[in-house]
Asks: 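I have a structure I would like to understand better, so I am pasting it below and will then ask my questions one at a time.
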Amino acid sequence: VGPMPGLKRLASSSHEEVYRLVRRQKVHAADELLSIAKERSAKDSGALLLYCCGSDGTSMKRTLQREIDAMWTPDTGLQSTGASGSAPSGASQAHLKPLAAPRLRTLKAQARAPANLPRSGIPAQHVQIASAPGNKACFLEAKESLRRGRKGDPTLFDSFACRGEAVFRPFGGVWRLRDFYEVLVAARNDPTLVAVAPTSIAEGGFRIPRSEESWRAMLHAGVAKPRIPFDELTESQRTAVSAEVRFGIGFGAMPWQPPSKQEQDHLHAWIEAMPKDPAFEVDVLRGQPLEERLVRLWSHRHVEDRHLFAIVRAFEACKHTLQETVGFKLKDGTFKITGRRLIAPRHRGDARKGTYGAICAQAVVEEASVSPPILAILGSNRVSKLRPISWSPKKLRAITDGTFAEAGSRGNLSAGRLKPIADGDASRE
């Protein structure tokens with residue numbers, strides 16, 4: 001049987017269209033949305049019904065409830081954290097204003113104060129992952145000994161062998177040197193990051209002093225240079241072998257260097273010098289679409305698992321939302337390493353589990369009221385405007401009756417009537 005006439009003109013509803021419907025009719029349950037889709041199928045050529053269907057075309061898709069929940073979850077990446085068009089909440093409004101002097105004094109005191117006691121109930125799990133035998137390493141960091149390690153050694157994240165990355169949606173949709181400063185202070189309050197400082201590389205990031213445990217793990221893996229015990233490293237050598245968690249270029253890059261006269265005190269110079277920077281309150285993501293206002297972190301030069309986890313916690317403490325992770329995931333407050341040698345699985349954040357198009361629908365609706373021109377790095381289209389399902393003729397035939405093909409041949413697509421979806425109606429490809 002040939003393809004159905006007029007098939008290319010039939011498409012599902014976009015995430016934005018579904019978002020507007022869900023908010024207007026106050027839909028909270030997937031079954032309720034599916035019922036509305038069946039009632040509207042004759043009017044919209046089944047576009048909403050196609051959105052609600054699973055990939056097999058026989059039943060409601062499994063992720064529909066999560067997408068509806070995401071549409072009702074306040075988006076911390078927006079300046080208004082309530083429904084679209086509402087006034088900013090108190091916390092969001094204060095966050096958008098310049099940093100007050102009393103608050104700045106408090107942050108400086110916290111940066112110099114001793115670290116708090118370790119957080120209980122959130123251990124960093126050291127998961128030993130065996131490497132597949134017989135595979136050749138593509139990079140020095142990818143050698144099998146690094147992934148195997150020795151019992152008790154921390155897992156080391158790098159940009160090749162065991163990738164560790166995280167993507168955040170910044171609170172209020174702004175990312176400034178002031179926000180980086182607040183995250184640095186929060187990180188210093190963690191006992192595992194008492195000496196963390198901003199790195200001086202072009203894209204910016206965190207410089208983490210090398211610990212004796214991670215240096216021992218690097219010696220066991222054969223990637224430590226120079227190959228000498230930790231207590232024999234000079235102060236300059238320890239600085240040179242520090243680990244780094246860097247920002248992604250184009251996604252929150254924040255280069256900063258202290259004045260030259262303060263470079264000798266690299267551990268503490270940023271506490272006083274960073275707030276004096278003229279760009280302290282400048283939003284580096286200003287002008288970008290709300291859905292592209294993301295901050296990406298990636299591990300460089302063998303970052304300990306506990307250090308990466310502590311930085312993630314510091315971002316969350318400053319109300320930035322974890323959107324995606326690579327090589328690890330946070331589940332029930334526990335850090336779980338999922339990466340393998342040269343394989344780095346991606347995981348969605350726990351806060352909002354829906355598809356990214358559904359998550360960003362609220363941002364696109366709010367963006368429509370913004371008058372300034374927008375610079376779109378990823379193109380002029382929006383992910384929430386995409387129509388997520390592409391149906392083959394066989395799957396479409398499972399949810400349409402015989403009148404559709406006849407109506408389509410006469411150029412009248414709306415005359416086709418969609419049948420209620422029932423399990424077992426579809427013909428498999």
Side-chain angles (χ1 to χ4, degrees), residues 76 88-119 166 168 170-211 235 238-239 242-247 252-286 295 297 303 306-321:
T76 58
S89 64
S92 177
Q93 196 171 17
H95 181 70
L96 298 176
K97 294 180 179 180
L99 192 63
R103 173 61 178 164
L104 178 59
R105 288 194 296 269
T106 301
L107 289 174
K108 290 180 179 180
Q110 291 176 353
R112 297 183 182 279
N116 294 330
L117 295 176
R119 295 175 174 84
F168 289 88
F171 179 50
V174 295
W175 180 244
R176 306 155 294 189
L177 189 61
R178 167 256 188 95
D179 298 293
F180 182 27
Y181 185 83
E182 291 176 340
V183 174
L184 277 168
V185 173
R188 278 234 171 164
N189 287 334
D190 193 298
T192 62
L193 293 173
V194 290
V196 66
T199 183
S200 58
I201 58 173
E203 59 265 41
F206 304 83
R207 187 179 58 78
I208 307 169
R210 181 68 59 190
S211 69
E235 191 66 29
R238 293 188 183 187
T239 302
S242 297
E244 293 179 342
V245 176
R246 298 182 174 184
F247 295 123
M254 190 70 69
W256 182 83
Q257 292 184 356
S260 57
K261 62 181 181 180
Q262 296 178 324
E263 286 182 355
Q264 299 299 326
D265 187 20
H266 57 272
L267 289 179
H268 306 288
W270 61 271
I271 299 176
E272 296 292 337
M274 191 176 285
K276 299 178 182 178
D277 194 294
F280 188 65
E281 295 286 352
V282 175
D283 181 14
V284 299
L285 302 179
R286 179 179 173 82
V295 178
L297 305 175
V303 180
R306 61 180 181 138
H307 290 161
L308 181 58
F309 186 29
I311 289 178
V312 170
R313 289 189 299 192
F315 269 83
E316 292 184 325
C318 295
K319 301 182 180 180
H320 305 297
T321 303

Asks: Would you name the heavy atoms of Leu177 and Met254 that are closest together and state the gap between them?
Replies: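 For Leu177 versus Met254, the nearest heavy atoms are N-CE, 3.6 Å.
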Asks: Heavy-atom distance under 4.5 Å between the side chains of Phe309 and Thr192, does that happen here?
Replies: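 SC-SC contact between Phe309 and Thr192 ruled out.
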Asks: To check you understand the geometry: which heavy-atom pair defines the closest contact between Phe171 and Cys318, and what is its length?
Replies: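 Heavy atoms only, the tightest pair is CB-O, 4.1 Å.
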Asks: Does the side chain of Ile201 reach to within under 4.5 Å of the side chain of Arg246, using non-hydrogen atoms?
Replies: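 Counting from C-beta outward, Ile201 and Arg246 do come under 4.5 Å.
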Asks: Restricting to side chain to side chain contact (heavy atoms under 4.5 Å, CB included), what partner residues turn up for Pro209, sequence neighbours left out?
Replies: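 Expected list: Ala195.
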Asks: Can you give me the closest heavy-atom contact between Leu96 and Gly172, atom names plus distance?
Replies: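 Shortest heavy-atom contact: CD2-O, 4.2 Å.
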Asks: Using the side chain to side chain contact (heavy atoms under 4.5 Å, CB included) criterion, which residues pair with Val245? Sequence neighbours excluded.
Replies: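 Side chain to side chain contact (heavy atoms under 4.5 Å, CB included) list for Val245, sorted by chain: Phe206, Ile208, Leu297, Val303, Leu308, Ile311.
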Asks: Atom NE2 in His268, atom CZ in Arg188: separation rounded to 0.5 Å?
Replies: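 Reported value, rounded in 0.5 Å steps: 5.5 Å.
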Asks: With salt bridge (charged side-chain N to carboxylate O under 4.0 Å, His left out) as the rule and sequence neighbours excluded, what pairs involving residues 95-108 come up?
Replies: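 Every salt bridge (charged side-chain N to carboxylate O under 4.0 Å, His left out) pair that includes a residue of residues 95-108, provided the two are not neighbours, is Lys108-Glu272.
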Asks: Which residues pass the salt bridge (charged side-chain N to carboxylate O under 4.0 Å, His left out) test with Arg176, sequence neighbours left out?
Replies: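 Counting only residues at least two positions away or on another chain, Arg176 forms a salt bridge (charged side-chain N to carboxylate O under 4.0 Å, His left out) with Asp179, Glu281.
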Asks: Over all heavy atoms of both residues, which pair between Asn189 and Gln110 is shortest? Give the atoms and the distance, please.
Replies: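 In this case the closest contact between Asn189 and Gln110 is OD1-O, 3.3 Å.
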Asks: My understanding is that only residues two or more places apart in sequence, or in another chain, count here; which of them pass ring pair (Phe, Tyr, Trp, His ring centres under 6.0 Å) with Phe168?
Replies: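 Once residues adjacent in sequence are excluded, the partners of Phe168 under the ring pair (Phe, Tyr, Trp, His ring centres under 6.0 Å) criterion are Phe315.
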Asks: I'd like to check the side chain to side chain contact (heavy atoms under 4.5 Å, CB included) partners of Ala187; sequence neighbours left out, ordered by chain and number.
Replies: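 Scan of Ala187 (side chain to side chain contact (heavy atoms under 4.5 Å, CB included), adjacent residues dropped) gives Leu193, Val196, Ala314.
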Asks: Search all heavy atoms of Ser242 against all heavy atoms of Arg207 and return the closest pair with its distance.
Replies: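 Taking Ser242 first and Arg207 second, the nearest heavy atoms are OG-NH1, 3.5 Å.
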Asks: Atom CH2 of Trp270 and atom CG of Leu184: how far apart are they, to the nearest 0.5 Å?
Replies: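 Interatomic distance, Trp270 CH2 to Leu184 CG, rounded to 0.5 Å: 4.5 Å.
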Asks: Can you see which heavy atom on Phe247 is nearest to which on Ala253, and at what distance?
Replies: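 What the structure gives for the nearest pair is CB-CA, 3.8 Å.
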Asks: Please name all residues satisfying side-chain hydrogen bond (donor to acceptor under 3.5 Å, both in side chains) with Asp277, sequence neighbours left out, ordered by chain then number.
Replies: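 Expected list: Trp256.
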Asks: Is the closest side-chain heavy-atom distance between Leu285 and Pro170 below 4.5 Å?
Replies: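 Touching, per the 4.5 Å side-chain cut-off.
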Asks: How would you list, by chain and number, every residue that makes a salt bridge (charged side-chain N to carboxylate O under 4.0 Å, His left out) with Glu316, sequence neighbours excluded?
Replies: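 Glu316 satisfies salt bridge (charged side-chain N to carboxylate O under 4.0 Å, His left out) with no other residue.
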